[in-house]
Asker: 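I have a structure I would like to understand better, so I am pasting it below and will then ask my questions one at a time.
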There are 2 protein chains.
Amino acid sequence: MPPRTRRSEALTRQRIVDAAIELLDTTGDAGLTFRTLTERLATGPGAIYWHVANKGELLAAATEALVTAALPADLPGGIHGVALGLFDAISAHPWLATQLATQLSRSPSKSVTPLIFEAIGREVRALDVPDGDQFIAASALLHYILGAAGQNAANARVAGSGTERAEFLNSVSKAWEQLDPDDYPFTRAVAAQMREHDDREQFLAGIDLILAGITARER
Amino acid sequence: MPPRTRRSEALTRQRIVDAAIELLDTTGDAGLTFRTLTERLATGPGAIYWHVANKGELLAAATEALVTAALPADLPGGIHGVALGLFDAISAHPWLATQLATQLSRSPSKSVTPLIFEAIGREVRALDVPDGDQFIAASALLHYILGAAGQNAANARVAGSGTERAEFLNSVSKAWEQLDPDDYPFTRAVAAQMREHDDREQFLAGIDLILAGITARER
DNA sequence: ACCTGAACACCGTTCAAGT
DNA sequence: ACCTGAACACCGTTCAAGT
(Lines give C-alpha, C1' and ligand atoms only; values in the text may rest on other atoms or scores of the structure.)
Protein backbone atom coordinates (compact mmCIF):
# COMPACT_ATOMS: atom_id res chain seq x y z
CA MET A 1 0.00 0.00 0.00
CA PRO A 2 1.30 3.47 -0.83
CA PRO A 3 1.70 5.83 2.10
CA ARG A 4 -1.31 8.01 2.72
CA THR A 5 -1.20 11.40 1.08
CA ARG A 6 -0.24 13.85 3.72
CA ARG A 7 -1.96 17.21 3.77
CA SER A 8 0.56 19.99 3.30
CA GLU A 9 -1.56 22.61 5.06
CA ALA A 10 -3.92 22.41 8.01
CA LEU A 11 -7.62 22.21 7.23
CA THR A 12 -9.27 25.62 7.47
CA ARG A 13 -12.67 26.96 6.55
CA GLN A 14 -11.05 28.93 3.75
CA ARG A 15 -9.33 25.86 2.28
CA ILE A 16 -12.61 23.95 2.36
CA VAL A 17 -14.44 26.79 0.58
CA ASP A 18 -11.69 27.02 -2.05
CA ALA A 19 -11.85 23.29 -2.70
CA ALA A 20 -15.63 23.47 -3.00
CA ILE A 21 -15.40 26.26 -5.59
CA GLU A 22 -12.83 24.32 -7.58
CA LEU A 23 -15.00 21.22 -7.51
CA LEU A 24 -18.09 23.14 -8.60
CA ASP A 25 -16.16 24.79 -11.41
CA THR A 26 -14.74 21.57 -12.78
CA THR A 27 -17.60 19.14 -12.20
CA GLY A 28 -20.70 21.33 -12.08
CA ASP A 29 -23.61 21.68 -9.66
CA ALA A 30 -23.95 17.98 -8.97
CA GLY A 31 -20.21 17.40 -8.66
CA LEU A 32 -19.87 18.75 -5.15
CA THR A 33 -20.56 16.09 -2.55
CA PHE A 34 -19.02 15.45 0.83
CA ARG A 35 -17.50 12.31 -0.69
CA THR A 36 -15.65 14.15 -3.46
CA LEU A 37 -14.76 16.94 -1.08
CA THR A 38 -13.28 14.71 1.59
CA GLU A 39 -11.34 12.84 -1.09
CA ARG A 40 -9.83 16.03 -2.50
CA LEU A 41 -8.95 17.28 0.96
CA ALA A 42 -7.68 13.88 2.09
CA THR A 43 -9.83 13.86 5.20
CA GLY A 44 -13.14 12.59 6.58
CA PRO A 45 -16.62 14.17 6.67
CA GLY A 46 -16.34 14.88 10.38
CA ALA A 47 -13.38 17.15 9.80
CA ILE A 48 -15.35 19.29 7.37
CA TYR A 49 -18.33 19.48 9.68
CA TRP A 50 -16.07 20.82 12.36
CA HIS A 51 -15.36 23.90 10.22
CA VAL A 52 -18.71 24.24 8.41
CA ALA A 53 -22.23 23.70 9.76
CA ASN A 54 -23.67 21.97 6.67
CA LYS A 55 -23.69 21.95 2.89
CA GLY A 56 -25.92 25.01 2.66
CA GLU A 57 -23.51 27.09 4.67
CA LEU A 58 -20.65 25.87 2.52
CA LEU A 59 -22.44 26.92 -0.67
CA ALA A 60 -23.32 30.28 0.86
CA ALA A 61 -19.70 30.89 1.79
CA ALA A 62 -18.49 29.95 -1.71
CA THR A 63 -21.08 32.26 -3.27
CA GLU A 64 -20.21 35.16 -1.01
CA ALA A 65 -16.50 34.82 -1.69
CA LEU A 66 -17.00 35.11 -5.45
CA VAL A 67 -19.53 37.95 -5.30
CA THR A 68 -17.29 39.96 -2.99
CA ALA A 69 -14.43 39.49 -5.44
CA ALA A 70 -16.63 40.44 -8.39
CA LEU A 71 -17.87 43.66 -6.78
CA PRO A 72 -14.92 45.49 -5.17
CA ALA A 73 -15.64 48.87 -3.59
CA ASP A 74 -13.68 50.72 -6.29
CA LEU A 75 -15.32 48.96 -9.24
CA PRO A 76 -15.38 51.36 -12.21
CA GLY A 77 -17.93 51.68 -15.00
CA GLY A 78 -21.07 52.62 -13.13
CA ILE A 79 -24.06 50.34 -13.50
CA HIS A 80 -22.49 48.70 -16.55
CA GLY A 81 -19.48 47.85 -14.46
CA VAL A 82 -21.61 46.19 -11.79
CA ALA A 83 -23.64 44.32 -14.42
CA LEU A 84 -20.56 43.05 -16.22
CA GLY A 85 -18.85 42.16 -12.96
CA LEU A 86 -21.70 39.82 -12.10
CA PHE A 87 -22.06 38.63 -15.70
CA ASP A 88 -18.40 37.63 -15.87
CA ALA A 89 -18.46 35.96 -12.46
CA ILE A 90 -21.45 33.86 -13.49
CA SER A 91 -19.84 33.05 -16.83
CA ALA A 92 -16.73 31.77 -15.07
CA HIS A 93 -18.77 29.89 -12.44
CA PRO A 94 -22.11 28.86 -14.00
CA TRP A 95 -23.34 27.26 -10.77
CA LEU A 96 -23.39 30.76 -9.26
CA ALA A 97 -26.62 31.59 -11.10
CA THR A 98 -28.62 28.90 -9.30
CA GLN A 99 -26.92 29.70 -6.00
CA LEU A 100 -27.66 33.40 -6.20
CA ALA A 101 -31.30 32.73 -7.04
CA THR A 102 -31.73 30.47 -4.00
CA GLN A 103 -29.78 32.73 -1.65
CA LEU A 104 -31.74 35.79 -2.77
CA SER A 105 -35.04 34.13 -2.12
CA ARG A 106 -34.25 32.01 0.90
CA SER A 107 -32.26 34.47 2.98
CA PRO A 108 -32.76 38.06 1.78
CA SER A 109 -31.16 39.51 4.87
CA LYS A 110 -27.95 37.48 4.62
CA SER A 111 -24.74 38.97 3.33
CA VAL A 112 -24.88 38.22 -0.39
CA THR A 113 -28.26 39.83 -1.06
CA PRO A 114 -27.40 43.23 0.44
CA LEU A 115 -24.00 43.01 -1.24
CA ILE A 116 -25.50 42.85 -4.73
CA PHE A 117 -28.49 45.03 -4.00
CA GLU A 118 -26.27 47.76 -2.60
CA ALA A 119 -23.90 47.73 -5.58
CA ILE A 120 -26.81 48.12 -7.98
CA GLY A 121 -28.64 50.61 -5.78
CA ARG A 122 -25.60 52.84 -5.47
CA GLU A 123 -25.55 53.26 -9.24
CA VAL A 124 -29.30 53.77 -9.42
CA ARG A 125 -28.94 56.63 -6.94
CA ALA A 126 -26.14 58.11 -9.01
CA LEU A 127 -28.64 58.37 -11.87
CA ASP A 128 -30.78 60.73 -9.79
CA VAL A 129 -33.77 58.40 -9.81
CA PRO A 130 -36.52 59.79 -7.54
CA ASP A 131 -36.66 58.11 -4.12
CA GLY A 132 -39.95 56.37 -4.73
CA ASP A 133 -38.69 54.65 -7.88
CA GLN A 134 -35.30 53.48 -6.64
CA PHE A 135 -36.47 50.23 -5.13
CA ILE A 136 -38.26 49.18 -8.30
CA ALA A 137 -35.43 50.28 -10.57
CA ALA A 138 -32.86 48.33 -8.55
CA SER A 139 -35.12 45.26 -8.44
CA ALA A 140 -35.68 45.31 -12.19
CA LEU A 141 -31.95 45.56 -12.83
CA LEU A 142 -31.20 42.85 -10.28
CA HIS A 143 -33.61 40.34 -11.78
CA TYR A 144 -32.58 41.09 -15.33
CA ILE A 145 -28.86 40.78 -14.57
CA LEU A 146 -29.20 37.51 -12.70
CA GLY A 147 -31.62 36.01 -15.20
CA ALA A 148 -29.77 37.00 -18.36
CA ALA A 149 -26.34 36.15 -16.99
CA GLY A 150 -27.63 32.80 -15.79
CA GLN A 151 -29.17 32.09 -19.14
CA ASN A 152 -25.91 32.83 -20.86
CA ALA A 153 -23.91 30.76 -18.41
CA ALA A 154 -26.30 27.89 -18.95
CA ASN A 155 -25.69 28.01 -22.69
CA ALA A 156 -21.96 28.01 -22.05
CA ARG A 157 -22.26 25.15 -19.56
CA VAL A 158 -24.09 22.91 -21.98
CA ALA A 159 -21.88 23.88 -24.86
CA GLY A 160 -18.34 23.93 -23.50
CA SER A 161 -15.92 25.31 -26.08
CA GLY A 162 -16.59 28.08 -28.60
CA THR A 163 -17.48 25.93 -31.58
CA GLU A 164 -19.57 23.62 -29.43
CA ARG A 165 -21.39 26.66 -28.16
CA ALA A 166 -22.15 27.81 -31.72
CA GLU A 167 -23.46 24.34 -32.49
CA PHE A 168 -25.67 24.38 -29.44
CA LEU A 169 -27.17 27.79 -30.20
CA ASN A 170 -27.61 26.64 -33.77
CA SER A 171 -29.59 23.59 -32.67
CA VAL A 172 -31.82 25.70 -30.41
CA SER A 173 -32.35 28.15 -33.24
CA LYS A 174 -33.28 25.32 -35.60
CA ALA A 175 -35.71 23.81 -33.10
CA TRP A 176 -37.39 27.19 -32.77
CA GLU A 177 -37.67 27.53 -36.53
CA GLN A 178 -39.49 24.22 -36.71
CA LEU A 179 -42.26 25.26 -34.32
CA ASP A 180 -45.81 25.59 -35.61
CA PRO A 181 -46.12 28.91 -37.51
CA ASP A 182 -49.63 29.52 -36.19
CA ASP A 183 -48.79 28.97 -32.54
CA TYR A 184 -45.25 30.38 -32.43
CA PRO A 185 -44.87 33.30 -34.86
CA PHE A 186 -42.71 35.37 -32.51
CA THR A 187 -40.34 32.64 -31.39
CA ARG A 188 -39.82 31.61 -35.02
CA ALA A 189 -39.15 35.20 -36.05
CA VAL A 190 -36.39 35.73 -33.47
CA ALA A 191 -34.80 32.30 -33.98
CA ALA A 192 -32.13 33.80 -36.23
CA GLN A 193 -31.16 36.34 -33.56
CA MET A 194 -30.75 33.47 -31.10
CA ARG A 195 -28.09 31.98 -33.35
CA GLU A 196 -26.22 35.15 -34.23
CA HIS A 197 -26.31 37.25 -31.11
CA ASP A 198 -23.27 38.32 -29.15
CA ASP A 199 -23.84 37.61 -25.47
CA ARG A 200 -22.21 40.60 -23.84
CA GLU A 201 -23.58 43.01 -26.41
CA GLN A 202 -27.10 41.62 -26.05
CA PHE A 203 -26.77 41.66 -22.29
CA LEU A 204 -25.72 45.30 -22.20
CA ALA A 205 -28.50 46.25 -24.61
CA GLY A 206 -30.95 44.86 -22.06
CA ILE A 207 -29.38 46.97 -19.32
CA ASP A 208 -29.67 50.05 -21.51
CA LEU A 209 -33.30 49.28 -22.21
CA ILE A 210 -34.08 49.22 -18.51
CA LEU A 211 -32.04 52.36 -17.96
CA ALA A 212 -34.02 54.07 -20.71
CA GLY A 213 -37.18 53.15 -18.82
CA ILE A 214 -35.77 54.53 -15.60
CA THR A 215 -34.80 57.89 -17.07
CA ALA A 216 -38.00 58.08 -19.14
CA ARG A 217 -40.03 57.95 -15.93
CA GLU A 218 -37.90 60.59 -14.32
CA ARG A 219 -39.35 63.39 -16.40
CA MET B 1 -53.69 -6.26 9.00
CA PRO B 2 -56.09 -3.88 7.27
CA PRO B 3 -56.82 -4.65 3.63
CA ARG B 4 -54.54 -2.85 1.23
CA THR B 5 -55.94 0.40 -0.11
CA ARG B 6 -57.21 -0.27 -3.53
CA ARG B 7 -56.63 2.31 -6.22
CA SER B 8 -59.92 3.60 -7.54
CA GLU B 9 -58.49 4.62 -10.91
CA ALA B 10 -55.81 3.09 -13.09
CA LEU B 11 -52.37 4.67 -12.93
CA THR B 12 -51.82 7.13 -15.77
CA ARG B 13 -49.17 9.68 -16.58
CA GLN B 14 -51.71 12.42 -15.87
CA ARG B 15 -52.57 11.05 -12.42
CA ILE B 16 -48.89 10.83 -11.55
CA VAL B 17 -48.29 14.42 -12.65
CA ASP B 18 -51.30 15.62 -10.65
CA ALA B 19 -50.10 13.83 -7.54
CA ALA B 20 -46.63 15.34 -7.99
CA ILE B 21 -48.06 18.86 -8.22
CA GLU B 22 -50.16 18.31 -5.12
CA LEU B 23 -47.16 16.99 -3.22
CA LEU B 24 -44.99 19.93 -4.30
CA ASP B 25 -47.70 22.40 -3.31
CA THR B 26 -48.24 20.96 0.14
CA THR B 27 -44.71 19.92 1.11
CA GLY B 28 -42.44 22.13 -0.99
CA ASP B 29 -39.50 21.51 -3.27
CA ALA B 30 -37.93 18.81 -1.14
CA GLY B 31 -41.21 17.07 -0.41
CA LEU B 32 -41.49 15.29 -3.72
CA THR B 33 -39.64 11.97 -3.65
CA PHE B 34 -40.43 8.65 -5.26
CA ARG B 35 -41.10 7.33 -1.77
CA THR B 36 -43.78 9.91 -0.95
CA LEU B 37 -45.18 9.65 -4.46
CA THR B 38 -45.51 5.85 -4.44
CA GLU B 39 -47.12 6.04 -1.02
CA ARG B 40 -49.71 8.56 -2.16
CA LEU B 41 -50.45 6.57 -5.30
CA ALA B 42 -50.44 3.26 -3.44
CA THR B 43 -47.98 1.67 -5.84
CA GLY B 44 -44.27 0.92 -6.28
CA PRO B 45 -41.50 2.90 -7.97
CA GLY B 46 -41.47 0.57 -10.95
CA ALA B 47 -45.04 1.50 -11.81
CA ILE B 48 -44.16 5.19 -11.97
CA TYR B 49 -41.09 4.53 -14.08
CA TRP B 50 -43.27 2.73 -16.56
CA HIS B 51 -45.19 5.96 -17.23
CA VAL B 52 -42.40 8.52 -16.72
CA ALA B 53 -38.73 8.30 -17.71
CA ASN B 54 -37.27 9.90 -14.59
CA LYS B 55 -37.75 12.62 -12.00
CA GLY B 56 -36.63 15.36 -14.36
CA GLU B 57 -39.28 14.47 -16.89
CA LEU B 58 -41.89 14.37 -14.16
CA LEU B 59 -40.96 17.87 -13.00
CA ALA B 60 -40.96 19.13 -16.59
CA ALA B 61 -44.44 17.71 -17.17
CA ALA B 62 -45.75 19.28 -13.95
CA THR B 63 -44.26 22.63 -14.92
CA GLU B 64 -45.66 22.54 -18.42
CA ALA B 65 -49.15 21.67 -17.19
CA LEU B 66 -49.28 24.72 -14.94
CA VAL B 67 -47.76 27.14 -17.43
CA THR B 68 -50.17 26.02 -20.13
CA ALA B 69 -53.06 26.62 -17.75
CA ALA B 70 -51.68 30.03 -16.75
CA LEU B 71 -51.29 31.23 -20.34
CA PRO B 72 -54.40 30.29 -22.33
CA ALA B 73 -54.56 31.45 -25.95
CA ASP B 74 -57.33 33.94 -25.19
CA LEU B 75 -55.65 35.49 -22.15
CA PRO B 76 -56.77 39.14 -21.87
CA GLY B 77 -54.87 42.15 -20.56
CA GLY B 78 -51.94 42.36 -22.94
CA ILE B 79 -48.47 42.14 -21.45
CA HIS B 80 -49.86 42.84 -17.98
CA GLY B 81 -52.12 39.85 -18.38
CA VAL B 82 -49.22 37.58 -19.27
CA ALA B 83 -47.12 38.94 -16.43
CA LEU B 84 -49.87 38.52 -13.86
CA GLY B 85 -50.74 35.08 -15.19
CA LEU B 86 -47.22 33.90 -14.48
CA PHE B 87 -47.03 35.88 -11.24
CA ASP B 88 -50.17 34.24 -9.88
CA ALA B 89 -49.14 30.76 -11.00
CA ILE B 90 -45.81 31.13 -9.21
CA SER B 91 -47.54 32.56 -6.13
CA ALA B 92 -49.81 29.52 -5.98
CA HIS B 93 -46.95 27.08 -6.69
CA PRO B 94 -43.73 28.62 -5.35
CA TRP B 95 -41.61 25.66 -6.53
CA LEU B 96 -42.44 26.75 -10.10
CA ALA B 97 -39.91 29.59 -9.89
CA THR B 98 -36.96 27.25 -9.46
CA GLN B 99 -38.33 24.83 -12.03
CA LEU B 100 -38.82 27.50 -14.67
CA ALA B 101 -35.31 28.81 -14.12
CA THR B 102 -33.78 25.36 -14.62
CA GLN B 103 -35.97 24.46 -17.57
CA LEU B 104 -35.25 27.76 -19.28
CA SER B 105 -31.54 27.28 -18.97
CA ARG B 106 -31.21 23.53 -19.40
CA SER B 107 -33.57 22.95 -22.30
CA PRO B 108 -34.37 26.20 -24.13
CA SER B 109 -35.92 24.37 -27.07
CA LYS B 110 -38.32 22.28 -24.98
CA SER B 111 -41.99 23.18 -24.75
CA VAL B 112 -42.12 25.42 -21.70
CA THR B 113 -39.54 27.94 -22.86
CA PRO B 114 -41.20 28.68 -26.23
CA LEU B 115 -44.56 28.72 -24.46
CA ILE B 116 -43.57 31.61 -22.19
CA PHE B 117 -41.35 33.35 -24.68
CA GLU B 118 -44.08 33.34 -27.28
CA ALA B 119 -46.70 34.74 -24.92
CA ILE B 120 -44.42 37.62 -23.97
CA GLY B 121 -43.18 38.14 -27.52
CA ARG B 122 -46.69 38.34 -28.92
CA GLU B 123 -47.38 41.33 -26.66
CA VAL B 124 -44.03 42.93 -27.43
CA ARG B 125 -44.91 42.77 -31.12
CA ALA B 126 -48.29 44.33 -30.41
CA LEU B 127 -46.42 47.33 -29.01
CA ASP B 128 -44.83 47.94 -32.43
CA VAL B 129 -41.31 47.47 -31.13
CA PRO B 130 -38.84 47.53 -34.05
CA ASP B 131 -37.72 44.05 -35.18
CA GLY B 132 -34.17 44.44 -33.95
CA ASP B 133 -35.26 45.27 -30.40
CA GLN B 134 -37.92 42.60 -29.93
CA PHE B 135 -35.60 39.85 -28.77
CA ILE B 136 -34.03 42.04 -26.12
CA ALA B 137 -37.34 43.49 -24.97
CA ALA B 138 -38.87 40.04 -24.58
CA SER B 139 -35.78 38.75 -22.75
CA ALA B 140 -35.78 41.67 -20.33
CA LEU B 141 -39.46 41.14 -19.55
CA LEU B 142 -38.97 37.38 -19.21
CA HIS B 143 -36.13 37.66 -16.72
CA TYR B 144 -37.83 40.37 -14.71
CA ILE B 145 -41.13 38.48 -14.49
CA LEU B 146 -39.54 35.22 -13.43
CA GLY B 147 -37.13 36.85 -11.01
CA ALA B 148 -39.61 39.17 -9.33
CA ALA B 149 -42.40 36.59 -9.16
CA GLY B 150 -39.98 34.05 -7.74
CA GLN B 151 -38.78 36.50 -5.16
CA ASN B 152 -42.32 37.21 -4.08
CA ALA B 153 -43.23 33.53 -3.98
CA ALA B 154 -40.16 32.88 -1.86
CA ASN B 155 -41.30 35.47 0.67
CA ALA B 156 -44.71 33.85 0.73
CA ARG B 157 -43.21 30.38 1.07
CA VAL B 158 -41.13 31.31 4.10
CA ALA B 159 -43.94 33.28 5.63
CA GLY B 160 -47.09 31.23 5.14
CA SER B 161 -50.13 33.21 6.18
CA GLY B 162 -50.70 36.96 5.83
CA THR B 163 -49.62 38.07 9.28
CA GLU B 164 -46.64 35.72 9.22
CA ARG B 165 -45.69 37.26 5.92
CA ALA B 166 -45.83 40.75 7.39
CA GLU B 167 -43.64 39.57 10.25
CA PHE B 168 -41.14 38.07 7.85
CA LEU B 169 -40.88 41.19 5.71
CA ASN B 170 -40.60 43.19 8.88
CA SER B 171 -37.66 41.13 10.08
CA VAL B 172 -35.88 41.49 6.72
CA SER B 173 -36.54 45.21 6.79
CA LYS B 174 -35.12 45.46 10.31
CA ALA B 175 -32.03 43.47 9.38
CA TRP B 176 -31.43 45.84 6.48
CA GLU B 177 -31.81 48.86 8.75
CA GLN B 178 -29.09 47.51 10.99
CA LEU B 179 -26.47 47.27 8.25
CA ASP B 180 -23.40 49.49 8.38
CA PRO B 181 -24.41 53.02 7.25
CA ASP B 182 -21.10 53.52 5.44
CA ASP B 183 -21.23 50.28 3.45
CA TYR B 184 -24.99 49.99 2.86
CA PRO B 185 -26.58 53.44 2.46
CA PHE B 186 -28.92 52.36 -0.33
CA THR B 187 -30.15 49.13 1.21
CA ARG B 188 -30.82 50.96 4.48
CA ALA B 189 -32.71 53.71 2.68
CA VAL B 190 -35.10 51.33 0.92
CA ALA B 191 -35.62 49.08 3.96
CA ALA B 192 -38.90 50.80 4.75
CA GLN B 193 -40.23 50.14 1.26
CA MET B 194 -39.38 46.46 1.71
CA ARG B 195 -41.74 46.36 4.69
CA GLU B 196 -44.60 48.38 3.26
CA HIS B 197 -44.74 47.46 -0.40
CA ASP B 198 -47.68 45.76 -2.07
CA ASP B 199 -46.39 42.84 -4.13
CA ARG B 200 -48.60 42.99 -7.18
CA GLU B 201 -48.44 46.76 -7.36
CA GLN B 202 -44.65 46.75 -7.08
CA PHE B 203 -44.43 43.95 -9.60
CA LEU B 204 -46.54 45.82 -12.16
CA ALA B 205 -44.55 49.00 -11.59
CA GLY B 206 -41.46 47.06 -12.65
CA ILE B 207 -43.21 45.89 -15.82
CA ASP B 208 -44.20 49.47 -16.60
CA LEU B 209 -40.64 50.62 -16.06
CA ILE B 210 -39.36 48.16 -18.64
CA LEU B 211 -42.20 49.06 -21.01
CA ALA B 212 -41.23 52.73 -20.66
CA GLY B 213 -37.72 51.76 -21.70
CA ILE B 214 -39.02 49.84 -24.69
CA THR B 215 -41.18 52.67 -25.99
CA ALA B 216 -38.53 55.28 -25.17
CA ARG B 217 -36.12 53.49 -27.50
CA GLU B 218 -38.71 53.29 -30.22
CA ARG B 219 -38.55 56.97 -31.03
C1' DA C 1 -9.13 21.83 19.67
C1' DC C 2 -9.18 19.21 15.75
C1' DC C 3 -9.70 15.02 13.14
C1' DT C 4 -11.05 9.88 11.92
C1' DG C 5 -14.19 6.75 9.84
C1' DA C 6 -17.99 3.66 10.59
C1' DA C 7 -22.83 4.03 10.69
C1' DC C 8 -27.68 5.98 9.85
C1' DA C 9 -31.56 7.40 7.30
C1' DC C 10 -32.64 8.69 2.92
C1' DC C 11 -32.49 9.32 -2.10
C1' DG C 12 -33.27 8.08 -7.51
C1' DT C 13 -33.20 4.21 -10.31
C1' DT C 14 -33.08 -0.72 -11.95
C1' DC C 15 -34.86 -5.14 -12.83
C1' DA C 16 -36.33 -9.91 -12.34
C1' DA C 17 -40.60 -11.55 -11.42
C1' DG C 18 -45.50 -11.49 -11.45
C1' DT C 19 -50.42 -10.67 -13.63
C1' DA D 1 -49.09 -4.07 -21.30
C1' DC D 2 -48.81 -2.85 -16.77
C1' DC D 3 -47.36 -3.40 -12.04
C1' DT D 4 -44.67 -5.28 -7.69
C1' DG D 5 -41.06 -4.72 -4.45
C1' DA D 6 -36.42 -6.01 -3.26
C1' DA D 7 -31.97 -4.37 -4.28
C1' DC D 8 -28.12 -1.07 -5.75
C1' DA D 9 -25.27 2.88 -5.58
C1' DC D 10 -25.23 7.16 -3.68
C1' DC D 11 -26.28 11.11 -0.71
C1' DG D 12 -25.90 14.50 3.73
C1' DT D 13 -25.15 14.11 8.44
C1' DT D 14 -23.95 12.18 13.14
C1' DC D 15 -21.06 10.63 16.68
C1' DA D 16 -18.11 7.79 19.58
C1' DA D 17 -13.46 7.45 19.53
C1' DG D 18 -8.88 9.01 18.84
C1' DT D 19 -4.79 12.62 19.08
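Convention: sequence-line order gives letters A, B, ...; per-chain numbering from 1. Because only heavy atoms are used, hydrogens play no part in the values below, and waters and symmetry mates are left out as well, while side chains stay in.
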Asker: Could you work out, with side-chain hydrogen bond (donor to acceptor under 3.5 Å, both in side chains) as the rule, every residue matching B/Thr68, not counting sequence neighbours?
Answerer: none

Asker: Identify all stems in which DNA chain D takes part, counting only runs of at least 3 consecutive pairs (Watson-Crick or G-U wobble, each distance under 3.5 Å), and give each as one range with another, ordered by first number.
Answerer: C:4-8 with D:12-16, C:12-16 with D:4-8

Asker: For the side chain of A/Thr43, counting heavy atoms from C-beta on, which of D/dT13, C/dC3, D/dC3 is nearest?
Answerer: C/dC3

Asker: Does the ring center of A/Tyr144 lie less than 6.0 Å from the ring center of B/Tyr144?
Answerer: no

Asker: Which one, C/dT13, D/dC3, C/dC3, comes nearest to the side chain of B/Tyr49?
Answerer: C/dT13

Asker: Are OP1 or OP2 of C/dC3 and a side-chain N or O of A/His51 less than 4.0 angstrom apart?
Answerer: yes

Asker: Mark yes or no for whether A/Arg188, through its side chain, and A/Asp180, through its backbone, hold a donor-acceptor pair below 3.5 Å.
Answerer: no

Asker: Of all of residues 98-105 of chain B, which get a heavy atom below 4.0 angstrom from DNA chain C, listed by number?
Answerer: none

Asker: According to the salt bridge (charged side-chain N to carboxylate O under 4.0 Å, His left out) rule, which pairs have a member within residues 28-37 of chain A, sequence neighbours left out?
Answerer: A/Asp29-A/Arg157

Asker: State which residues pass side-chain hydrogen bond (donor to acceptor under 3.5 Å, both in side chains) with B/His51; sequence neighbours excluded, sorted by chain then number.
Answerer: none

Asker: I need the residues from residues 24-35 of chain A with at least one non-hydrogen atom less than 4.0 Å from DNA chain D; give them sorted by number, or say none.
Answerer: A/Leu32, A/Thr33, A/Phe34, A/Arg35

Asker: Report the residues that fulfil side-chain contact (heavy atoms from CB on, under 4.5 Å) with A/Gln99, sequence neighbours left out, ordered by chain and then residue number.
Answerer: A/Leu59, A/Thr63, A/Trp95, A/Thr102, A/Gln103

Asker: Got a sec, which pairs hit salt bridge (charged side-chain N to carboxylate O under 4.0 Å, His left out) with one end in residues 168-179 of chain B, sequence neighbours left out?
Answerer: B/Glu177-B/Arg195

Asker: Tell me the salt bridge (charged side-chain N to carboxylate O under 4.0 Å, His left out) pairs involving residues 94-114 of chain A, sequence neighbours left out?
Answerer: none

Asker: Find out whether B/Asp199 and B/Arg165 are in side-chain contact, i.e. whether some heavy atom of one side chain is under 4.5 Å from a heavy atom of the other.
Answerer: yes

Asker: Suppose we screen for ring pair (Phe, Tyr, Trp, His ring centres under 6.0 Å). Which residues come up paired with A/Phe186, at least two apart in sequence or across chains?
Answerer: B/Phe117

Asker: What is the separation between atom CD on B/Glu39 and atom C1' on C/dC10, rounded to the nearest whole Å?
Answerer: 14 Å

Asker: Taking atom types as modelled, is there a side-chain donor on A/Gln202 or A/Asp198 under 3.5 Å from an acceptor on the other?
Answerer: no

Asker: Evaluate side-chain contact (heavy atoms from CB on, under 4.5 Å) for B/Asp183 paired with B/Leu179, printing each intermediate quantity in order.
Answerer: CA-CA 8 Å; B/Asp183 291 340; B/Leu179 290 166; over 6 Å; no

Asker: Under 3.5 Å between N/O atoms: give me all the protein pairs with nucleotides 17-19 of chain D, atom names plus distance.
Answerer:
none

Asker: For the pair B/Ser173 (side chain) and B/Ala191 (backbone), establish whether a donor and an acceptor sit closer than 3.5 Å, ignoring hydrogens and angles.
Answerer: yes

Asker: Can you say whether the rings of A/Phe135 and B/Trp176 are parallel (under 30°), tilted (30 to 60°) or perpendicular (over 60°)?
Answerer: tilted

Asker: Give the nucleotide from the list C/dA1, D/dA1, D/dT4 with an atom nearest to the side chain of A/Trp50.
Answerer: C/dA1

Asker: Within the distance-only criterion (no hydrogens, no angle test), does the side chain of B/His143 pair as donor or acceptor with the backbone N or O of B/Ala140 below 3.5 angstrom?
Answerer: no

Asker: For B/Leu37 and D/dT4, give me the distance from atom CG to atom P, rounded to whole Å.
Answerer: 13 Å

Asker: In residues 52-65 of chain B, which residues come under 4.0 Å of DNA chain C by heavy atom?
Answerer: B/Asn54, B/Lys55

Asker: Can you check the A/Leu11 CG to C/dG5 P distance for me, whole Å?
Answerer: 14 Å

Asker: Is the backbone N or O of B/Val52 less than 3.5 Å from a side-chain atom of B/Glu57, with the two atoms forming a donor-acceptor pair by type?
Answerer: no

